[in-house]
Amino acid sequence: MTMRFLPAVIFLGTFALRWSVEAGKCPRVCSCDSTKLTVACVDKNLTEVPSTIDEITVKLDLKHNNLQVLPRGAFMRTPYLTHLNLQRCNIVKVKEGAFRMLGRVVSLNLAHNKIDILYQESFDGLSSLKELQLDHNRVEEIQPGAFMQLGSLNMLALTHNQLVYIPNMAFQGLQNIKWLRLSHNSINNLAPEAFASLFTLTRLSLDHNELQFFPTQAMTRPREVTRLDLSHNPMIYLGEESISMAKLTHLYLDHMSLQDLSEQALSQAPMLSHLDLSHNQLHYLDPLSGPKKLVSLNLTANPIYCSCYMRPLRNWASRGGVKLLGACAGPPHLSEEPLRAVAAVDMRCRSKGDQLKDEFEEEEEKMPAVSSTPTAKPKGNVKCPVNCDCDIEAQHATCENGGHTKVPRGFPAKTQLLDLRSNRFHDIPANSFPGTSQVISLHLEFCKIHQLAGGAFRGMKSLFYLYLSDNDLTSLDPEAFSGAPELSYLHLEGNRLAQFPGSALRLLPSLFVLHLERNAISKLEPAGLLSSVTPKLRELYLTNNTIRTIARGALDSALLGKLHLDANQLTDVPIDAISNAPNLEELNLSQNRILSVGPDAFKPVSQSLKWLYMDQMNMEKMSQDSLASLGPGLKALTLKGNQLKELPDLSFLTGLEVVDLQDNPLLCDCTLLPLRRWMDNVSLEVGATCGHPPVLKGQKIRNLDLFKSCTSDSSSTSDRKGLVAPAQVKVKKAKLNSVKAPGVKAKPGKNNVKQPKQTKKKPQRKPVAATVTKKKKVITVKTV
Ligand SMILES: *[C@@H]1O[C@H](CO)[C@@H](O)[C@H](O)[C@H]1NC(C)=O
Ligand SMILES: *[C@@H]1O[C@H](CO)[C@@H](O)[C@H](O)[C@H]1NC(C)=O
Ligand SMILES: *[C@@H]1O[C@H](CO)[C@@H](O)[C@H](O)[C@H]1NC(C)=O
Ligand SMILES: *[C@@H]1O[C@H](CO)[C@@H](O)[C@H](O)[C@H]1NC(C)=O
Ligand SMILES: *[C@@H]1O[C@H](CO)[C@@H](O)[C@H](O)[C@H]1NC(C)=O
């Protein structure tokens with residue numbers, strides 16, 4: 001009693017408030033229930049948490065106030081709280097340690113405030129918290145470790161915020177999270193490890209964001225996810241093995257902009273039972289390989305054309321008991337027929353003659369047909385240039401292959417995707433896209449463009465993706481991109497650029513990904529080339545140019561994560577070029593002519609490098625310690641198709657998940673025993689065959705008998721001690737021989753699922769002695 005009395009007296013003295021003794025202390029503006037131990041101080045314009053709330057309160061409702069900043073220790077006096085409601089409190093900032101002492105709170109509602117940054121220790125102390133509502137704020141940044149102390153959290157709602165990018169490990173610490181809600185943000189990029197460490201997550205909501213590509217790699221990480229909602233994202237295509245999620249059962253891909261879907265897109269989603277593809281732009285669909293348990297496939301509101309091309313899907317669906325939802329959009333006689341009601345035999349493709357005749361008739365009937373079919377679009381009202389198609393609802397306009405020689409004008413004002421590929425524009429003069437300020441994605445591939453005038457895209461304030469691939473550009477006007485400041489993804493591959501277009505890129509402060517493959521760039525200079533023009537760049541693709549020289553520091557860049565320099569003419573590992581690239585994770589040097597790799601060649605990027613590709617370089621020698629500074633962080637190393645007889649020391653690389661040593665003339669003798677043991681131990685599928693001695697040529701190291709005659713000593717006493725096996729290699733799964741491009745397709749990673757082609761080769765997890773079962777000639781081993 002005294003304990004509860006004392007603060008009240010102080011409060012009374014200071015503010016002269018009344019309270020009822022029977023009801024315990026109750027701040028004047030609040031209403032309290034002393035039996036349920038609840039306090040509500042709702043809609044009172046409070047600027048701070050009342051200091052006289054009874055200590056034993058379990059539920060505190062402070063919604064609709066004006067708290068603005070939650071200071072450190074704001075709730076120190078109410079340690080028994082289990083429910084705290086701080087909705088609509090005008091909170092701008094939650095200071096570090098604001099919730100200290102609240103170890104019993106299970107539900108915290110911070111929705112409808114103005115929080116923009118989640119600081120590292122904002123939620124410290126909430127060790128029992130199960131539900132955290134942070135929706136309808138202005139969160140644009142999650143600092144590393146923000147959720148570190150929320151080990152009990154089941155549900156995190158971050159919907160309706162301003163997130164654009166989710167960094168690696170953003171949700172670290174959420175050891176019990178079940179449902180992560182990120183809907184209604186502006187997310188256009190997920191770091192590959194954004195969802196790493198979410199081992200209990202079963203449901204992930206990412207609908208209503210700006211993802212243009214399926215985030216394949218990021219999605220392989222939360223391996224227990226069964227429901228994934230990606231509806232209302234502007235994705236156009238899903239490629240092979242886009243979705244690599246072993247336990248996924250429900251996938252929502254509705255209301256996107258899908259125009260095509262590889263039949264292999266879901267080949268790595270074996271458990272999928274419900275797939276929603278409604279409200280897309282699919283004209284037809286192939287049977288989907290992968291899901292064996294598909295129950296329902298929703299194709300409602302797609303322009304499905306029920307010709308013979310749809311037959312395989314129809315047959316596949318009836319065979320597999322897949323419920324097909326949706327209707328045919330054409331041909332006219334099947335229009336609006338439910339897919340399920342149309343027999344496969346009625347899905348016909350006509351002979352050429354019939355087709356021409358029909359087309360002629362359709363042409364004749366066009367006007368009446370359109371007005372009499374209720375589904376036909378009211379084309380008359382839609383503003384759309386000739387030879388183009390404008391879909392108001394989808395906010396798409398396409399003039400693909402429309403025979404245009406000038407950029408057409410007069411698109412609907414709300415157009416977001418403008419597809420002009422395969423026309424013949426030759427040059428694009430200034431101000432070629434008036435009235436397209438809403439366009440996010442502009443396709444100009446295969447348009448024979450050889451010149452872009454300064455200001456060509458002026459006024460395209462929302463332009464985010466620009467595809468200029470496969471044109472004839474030899475250089476870029478420094479003002480070419482002026483007036484399109486949001487541009488983040490720029491595709492310039494397949495042109496004839498002879499120089500890195502540095503001056504033009506200066507106008508793109510947000511540039512994130514730059515594609516320059518298949519151009520004619522031969523050198524990269526001077527120092528600071530990248531950091532001075534595109535400081536935010538994350539991915540740079542320079543594959544298949546003629547790069548021979550790179551100035552020291554030319555590719556230094558604070559944020560660069562991916563660098564592809566493969567298929568160029570480099571003769572050395574260009575490590576000086578990236579001496580200051582602290583975030584570089586992926587480096588592809590394959591198909592250059594780098595004959596040797598010296599000691600400690602990757603030192604400047606050793607802290608960050610995860611994927612290193614050095615295939616087909618004619619490499620003859622790697623120093624024993626060439627990879628010495630790389631440690632457990634390295635996940636993939638490929639050295640396929642070189643001329644290596646010996647391998648460098650791999651023993652530090654205890655985090656490897658992918659190793660490809662195939663097609664090297666390795667010298668097979670007892671010095672390889674440690675490698676062989678390591679291979680067995682880690683059950684990595686290490687593709688490696690012998691090149692020497694001649695009698696063993698072509699044999700897989702995995703199948704070799706010879707090790708039976710080696711003693712452990714014969715290797716450890718050898719001079720070539722480089723092949724000492726790592727003492728403790730922790731590798732979760734057998735990996736692949738062939739490495740896929742990360743981020744594009746299934747990424748070999750911790751939780752990666754094996755691909756069908758490779759599954760046949762089961763990893764071998766047998767001790768050396770046990771593998772030597774076949775009777776073979778014992779080989780006498782030459783010492784080197
Ligand atoms: C709420 O409090 C703020 C500052 O304490 C004051 O400026 C504002 O007028 C108050 N609003 C209402 C509706 O009482
Ligand atoms: C199929 O999609 C339509 C349109 O999005 C939706 O209304 C309907 O509920 C879906 N049906 C099923 C079974 O998911
Ligand atoms: C490089 O480009 C040429 C011409 O486009 C193509 O034939 C070749 O296959 C490409 N090589 C690589 C490694 O991509
Ligand atoms: C194999 O793994 C075990 C346990 O992880 C380890 O103790 C042993 O040293 C490893 N052997 C080799 C040859 O890597
Ligand atoms: C690396 O470059 C080679 C050669 O161009 C290419 O075949 C391979 O797919 C690339 N690997 C990755 C992961 O990008």
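Each ligand, and each atom within it, is numbered from 1 in the order the structure gives. Scope of the values below: all heavy atoms of this structure, side chains included, with no hydrogens, waters or symmetry mates.
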ask   = Would you say Asp472 and Arg496 make side-chain contact, with heavy atoms under 4.5 Å?
value =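 Touching, per the 4.5 Å side-chain cut-off.
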
query = Should Leu529 and Phe500 count as side-chain neighbours, where that means a heavy-atom distance under 4.5 Å?
reply =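 Counting from C-beta outward, Leu529 and Phe500 do come under 4.5 Å.
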
Ligand-residue contact atoms, ligand 5 with Asp566, heavy atoms, under 4.0 Å =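 Numbered from 1, ligand 5 contributes 1 (C), 2 (O), 3 (C), 4 (C), 5 (O).
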
query = Just which atoms of ligand 5 are under 4.0 Å from any heavy atom in His564?
reply =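 With His564 as reference, the close atoms of ligand 5 come out as 14 (O).
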
query = Taking the six-membered ring for Trp, are His564 and Tyr541 ring centroids under 6.0 Å apart?
reply =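 Centroid separation for His564 and Tyr541: below 6.0 Å.
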
task = Give the numbers and elements of all ligand 3 atoms closer than 4.0 Å to a heavy atom of Ala567.
result =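 So the answer, numbered in order with elements, is 13 (C).
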
inquiry  = Does ligand 3 come near enough to Asn544 that some N or O of the ligand is less than 3.5 Å from an N or O of the residue?
reply    =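 Yes - when backbone and side-chain N and O of Asn544 are compared with those of ligand 3, one distance drops under 3.5 Å.
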
Under 4.0 Å from any heavy atom of [X], which atoms of ligand 2 are there?
X	answer
Asn298	1 (C), 2 (O), 3 (C), 8 (C), 10 (C), 11 (N), 12 (C), 14 (O)
Ser278	2 (O), 4 (C), 5 (O)
His279	4 (C), 5 (O)

ask   = Are any of the N or O atoms of Tyr613 closer than 3.5 Å to those of ligand 5?
value =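 In fact, backbone or side chain, Tyr613 has no N or O that close.
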
ask   = Taking distance alone, with no angle check, do Asn588 and ligand 5 share an N/O pair under 3.5 Å?
value =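 There is such a contact, yes.
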
Under-4.0 Å heavy-atom contact between protein and atom 3 (C) of ligand 3 =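 When distances to the protein are checked, atom 3 (C) of ligand 3 has a heavy atom within 4.0 Å.
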
Test item: protein heavy atom less than 4.0 Å from atom 7 (O) of ligand 2 =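 So far as the 4.0 Å threshold goes, atom 7 (O) of ligand 2 is out of reach of every protein heavy atom.
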
Option with minimal heavy-atom separation from atom 5 (O) of ligand 3, where the choices are Arg518, Glu493, Gln591 =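 Of the listed residues, Arg518 has the closest heavy atom.
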
query = Should the pair His450 and His426 be assigned to parallel (<30°), tilted (30 to 60°) or perpendicular (>60°) ring geometry?
reply =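 Ring orientation of His450 relative to His426: tilted.
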
request  = Could you tell me how the ring of His232 sits relative to the ring of His208: parallel (under 30°), tilted (30 to 60°) or perpendicular (over 60°)?
outcome  =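 Parallel, since the angle between the ring planes stays under 30°.
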
ask   = Can an N or O of Asp276 be found at a distance shorter than 3.5 Å from an N or O of ligand 2?
value =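 For ligand 2, there is no N or O atom that lies under 3.5 Å from one belonging to Asp276.
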
task = Using distance alone, determine whether Ser296 and ligand 2 share an N or O pair under 3.5 Å.
result =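 N/O-N/O distance under 3.5 Å: no.
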
key: Whether Leu325 lies under 4.0 Å from ligand 2, heavy atom   =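 Leu325 counts as a contact of ligand 2 under the 4.0 Å cut-off.
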
